[in-house]
There are 2 protein chains.
Amino acid sequence: MTSDAPGRARALAHPDRAEIRLEQVLHALADPVRLSLVCTLAEAGEELPCSAFPVPVTKSTSTHHFRVLREAGVIHQVYRGTAKLNALRRADLDALFPGLLDVVLAARRSQELPARSGA
Amino acid sequence: MTSDAPGRARALAHPDRAEIRLEQVLHALADPVRLSLVCTLAEAGEELPCSAFPVPVTKSTSTHHFRVLREAGVIHQVYRGTAKLNALRRADLDALFPGLLDVVLAARRSQELPARSGA
DNA sequence: GACCTAGTACGAAGGGCATCGTACAAGGGT
DNA sequence: ACCCTTGTACGATGCCCTTCGTACTAGGTC
């Protein structure tokens with residue numbers, strides 16, 4: 001075994017709530033691929049493995065985007081067997097930036113569908 | 001005279017409300033300098049010339065940031081004599097992404113001041 | 001043990017972005 | 001007319017970021 005903590009899965013570094021920076025979060029959400037990941041995660045309402053996300057990029061690029069989201073404090077990742085489960089850090093984000101996540105998700109949804117009202 | 005529209009000030013290109021893209025707005029707000037500009041503008045509550053903003057960069061860099069904000073649809077700029085007046089596009093942003101601006105401004109204000117509650 | 005699935009690490013390529021300095025344009029004041 | 005203030009344009013520089021391919025690790029299944 002290579003780990004020094006037997007019985008425990010490999011650990012991943014996450015920023016503490018107090019370390020989450022607004023600009024980093026905005027930057028994380030400003031990329032179309034990452035915004036899509038966050039949106040999928042929010043709609044699922046539960047933890048999802050990386051393989052469950054429909055992304056238009058390769059696996060290594062996907063890994064990169066997940067790491068950006070994690071290091072910005074947007075998502076929480078934990079190993080579970082061969083998979084890695086991803087969860088939104090809703091409690092932390094809502095505590096730090098009340099309404100931000102909901103507003104961004106709603107805004108994105110309204111832009112996804114053209115839905116012009118003047119038919 | 002070099003302009004073909006005598007009596008009118010030089011015109012600046014602004015995106016129409018329908019052309020404003022969420023990701024572009026998020027990207028515009030994700031830069032510390034630009035976020036500071038938007039914050040100053042929001043707190044002033046009125047149009048401000050570029051020279052009224054306390055920025056830690058040179059004039060040319062400042063011009064660049066104002067342009068990014070304008071092209072993203074975050075601010076409106078108009079020439080007024082030798083100055084250029086900047087205004088937040090509140091109505092457009094609130095219509096497209098309700099709450100986004102307020103949430104971001106509030107979030108930034110809460111991070112500016114450490115203001116830990118456990119004094 | 002052999003194999004498969006899920007994800008990582010690393011390096012490279014390509015593009016974009018923030019920043020600066022300098023030279024310039026536009027408008028107003030004296 | 002002259003100059004000052006305000007902002008622009010352009011080129012250069014250096015960094016960061018997205019993307020990929022390939023080789024690899026970790027954990028589970030047969």
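A, B, ... follow the sequence lines: proteins, then strands. Residue 1 opens every chain. Not measured: the values here are computed from a predicted model.
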Name the pairs: protein N/O against N/O of nucleotides 28-30 of chain C, kept only if under 3.5 Å.
none

- request: Describe the nucleic acid contact of B:His64 in one word from base, sugar-phosphate, nothing, applying a heavy-atom distance below 4.0 Å.
  value: base
*asked:* Once hydrogens and angles are ignored, does a donor-acceptor distance under 3.5 Å link the base of D:dG21 to the side chain of A:Thr58?
replied: no
**Study point:** N/O (side chain, B:Arg67) to phosphate O (OP1/OP2, D:dA9) under 4.0 Å
**Key:** yes
Taken to the nearest whole Å, CD/A:Glu23 to P/C:dC17 is 17 Å
The nucleotide from C:dG7, C:dT19, D:dG7 with an atom nearest the side chain of A:Pro49 is C:dG7
Atom CD of A:Gln77 and atom P of C:dA6 are separated, to the nearest Å, by 16 Å
Next on the checklist: Counting distance alone, no hydrogens or angles: does the base of D:dG21 have a donor or acceptor under 3.5 Å from a partner atom on the side chain of A:Ser60?
Outcome noted: yes
Would you classify A:Ser51 as touching base, sugar-phosphate or nothing, given that sugar-phosphate means primed atoms plus P, OP1 and OP2, and contacts are heavy atoms under 4.0 Å? sugar-phosphate
Do A:Cys50 and A:Phe66 pass the side chain to side chain contact (heavy atoms under 4.5 Å, CB included) test, and can you show the C-alpha distance, the side-chain angles, and the key distance before you say yes or no? CA-CA 8 Å; A:Cys50 296; A:Phe66 277 112; 3.8 Å; yes
Tightest non-hydrogen contact, residues A:Leu22 and B:Val104, listed as CD2-O, 3.7 Å
The reported gap from CG in A:Leu100 to CG in A:Asp94 (rounded to nearest 0.5 angstrom) is 9.0 Å
A:Leu85 CG to D:dA26 P, in whole Å, measures 19 Å
In whole angstroms, the gap separating C1' of C:dA18 from CG of B:Leu69 amounts to 13 Å
From the list B:Leu85, B:Thr40, B:Leu37, side chain to side chain contact (heavy atoms under 4.5 Å, CB included) partner of B:Leu48 resolves to B:Thr40
_Angle between ring planes, B:His14 versus B:His76, binned at 30° and 60°: parallel, tilted or perpendicular?_
parallel
note: A:Leu35, atom CG; D:dC17, atom C1'; distance rounded to Å ~ 17 Å
A:Lys59 NZ to C:dC4 P, in whole Å, measures 14 Å
A:His65 atom NE2 is separated from C:dG7 atom C1', nearest whole Å, by 15 Å
**Asked** Do A:Gln111 side-chain atoms and B:Ile20 backbone N/O form a donor-acceptor pair below 3.5 Å?
**Response** yes
Atom CD1 of B:Ile75 and atom C1' of D:dG7 are separated, to the nearest Å, by 13 Å
Smallest heavy-atom separation, B:Leu29 atom then B:Val74 atom, equals CD2-CG1, 4.5 Å
